[in-house]
Amino acid sequence: QVHLVESGGGLVQAGGSLRLSCAASGRTFDGYAMAWFRQAPGRERVFVAAITWTGGSTDYTDSVKGRFTISRDNAENSMSLQMNSLKPEDTAVYYCAARSGGSRYQTWAYNYWGQGTQVTVSS
C-alpha cells in the first residue's frame with residue numbers, strides 16, 4: 001500500500017506561482033509512474049502531468065506546457081509540480097497519483113491517489 005499526501009496548494013493571483021508536493025509513505029514507490037490530475041468544480045478529473053518512475057520522461061497536457069514542471073525524488077519518496085504563470089482556469093483540486101502500468105492519461109490506470117490540494121487562482 002502506498003499512501004500519498006499532497007501539500008502546497010493555496011490562493012494566488014493570476015501570473016503567480018505555486019509548488020505542489022506529493023509525499024509517499026508505506027511501501028516504496030520505486031517502479032511506479034506518477035502523475036498530477038486536477039478536478040474543477042462540476043468537471044471530471046483530468047490529466048495534468050506525468051513522470052516515469054526513473055524521472056527520465058515527462059508529459060504534460062497542452063494547456064500547461066511551458067508553465068508547469070513535474071519532478072520526483074525517489075530517494076525522498078516525493079514528487080513535485082512547479083506551477084508558474086498561473087491562470088484562473090488552473091483553479092482546481094490537484095491530486096497526485098501512482099500507477100504500475102496502463103495509460104498515463106486515464107484515471108482508472110492509477111493504483112493510488114492522494115486526498116487532493118486546492119489551488120485557486122484569482123484574476
Side-chain angles (χ1 to χ4, degrees):
Q1 184 76 13
V2 175
H3 183 57
L4 303 174
V5 179
E6 302 94 338
S7 61
L11 173 64
V12 64
Q13 288 188 332
S17 298
L18 283 174
R19 185 177 181 86
L20 304 184
S21 296
C22 176
S25 60
R27 59 177 293 178
T28 177
F29 73 177
D30 279 0
Y32 284 90
M34 303 288 293
W36 290 94
F37 283 73
R38 65 188 180 187
Q39 187 168 18
R43 308 287 294 273
E44 293 184 343
R45 192 172 299 187
V46 297
F47 171 81
V48 176
I51 188 166
T52 56
W53 77 272
T54 63
S57 178
T58 58
D59 192 11
Y60 300 89
T61 192
D62 286 346
S63 63
V64 308
K65 285 179 180 176
R67 301 188 297 122
F68 290 11
T69 302
I70 189 172
S71 60
R72 68 187 293 169
D73 184 342
N74 289 343
E76 297 292 328
N77 277 355
S78 65
M79 178 180 67
S80 296
L81 184 69
Q82 178 66 44
M83 306 186 296
N84 298 328
S85 301
L86 283 160
K87 303 176 181 180
E89 52 263 43
D90 294 318
T91 295
V93 177
Y94 283 70
Y95 297 89
C96 70
R99 65 181 175 87
S100 56
S103 169
R104 67 183 61 176
Y105 304 115
Q106 302 298 327
T107 57
W108 54 258
Y110 288 81
N111 307 91
Y112 303 104
W113 291 87
Q115 84 289 348
T117 187
Q118 176 70 48
V119 171
T120 303
V121 184
S122 63
S123 57

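The backbone N or O of Gly9 lies less than 3.5 Å from a partner atom in the side chain of Thr117, making a donor-acceptor pair. Asn111 contributes a side-chain N or O that, together with a main-chain N or O of Ser100, makes up a donor-acceptor pair within less than 3.5 Å.
Between Thr107 and Arg45, the shortest heavy-atom distance links the atoms CG2-O, 4.0 Å. Taking both residues in full, the closest heavy atoms of Phe68 and Arg38 are given as CE2-NH1, 4.0 Å, listed atom of the first, atom of the second, then distance. The two residues Ala98 and Met34 have their closest heavy-atom pair at CB-SD, 3.4 Å. The shortest non-hydrogen separation linking Ala24 to Leu4 is CB-CD2, 3.7 Å. Contact detail for Ser103 and Ala109: the closest heavy-atom pair is O-CB, 3.2 Å.
The shortest distance between side-chain heavy atoms of Tyr94 and Gln39 does not fall below 4.5 Å. Between Tyr95 and Glu6, some side-chain heavy-atom pair lies under the 4.5 Å cut-off. Proximity of Leu20 to Met83: side-chain heavy atoms (C-beta onward) are separated by under 4.5 Å at one or more points. Side-chain contact check for Trp36 versus Ile70: some heavy-atom pair is nearer than 4.5 Å. Counting heavy atoms from C-beta outward, Val121 and Gln13 have side chains that stay 4.5 Å or more apart. At least one side-chain heavy atom of Val64 sits less than 4.5 Å from a side-chain heavy atom of Val48. In this structure, Trp108 and Arg99 have side chains that are not in contact, with every pair of non-hydrogen atoms separated by 4.5 Å or more. Residues Asp59 and Arg104 are in side-chain contact: their nearest non-hydrogen atoms beyond the backbone lie under 4.5 Å apart.
In this structure, a donor-acceptor pair under 3.5 Å is present between the side chains of Ser17 and Asn84. Neither side chain, Asn74 nor Glu76, offers a donor N or O lying under 3.5 Å from an acceptor on the other.
The list of disulfide (SG to SG under 2.5 Å) pairs with a residue in residues 48-98, not counting sequence neighbours, reads Cys22-Cys96.
Between Thr52 atom OG1 and Tyr32 atom OH the span is 15.5 Å, to the nearest 0.5 Å. Taking CD of Gln82 as the reference point, atom CZ of Arg19 lies at 5.0 Å (rounded to 0.5 Å).
Remark: Lys65 engages Asp62 in a salt bridge, criterion side-chain N to carboxylate O under 4.0 Å.
A side-chain contact (heavy atoms from CB on, under 4.5 Å) with Leu11 is found for one member of Leu18, Thr91, Thr120 and no other, namely Thr120.
Qualifying ring pair (Phe, Tyr, Trp, His ring centres under 6.0 Å) partners for Phe47, counting only residues two or more places apart in sequence or in other chains: Phe37, Tyr105.
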**Message:** Is there a side chain to side chain contact (heavy atoms under 4.5 Å, CB included) between Asp90 and Arg67? Walk through the geometry before answering.
**Reply:** CA-CA 11 Å; Asp90 294 318; Arg67 301 188 297 122; 2.8 Å; yes
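By the criterion of side-chain heavy atoms lying less than 4.5 angstrom apart, applied directly or through intervening Ile, Leu, Val, Met, Phe, Trp or Tyr residues, Leu86 is grouped together with Tyr60 in one hydrophobic cluster. There is no path of hydrophobic side-chain contacts, each under 4.5 Å, that joins Val93 to Tyr112.
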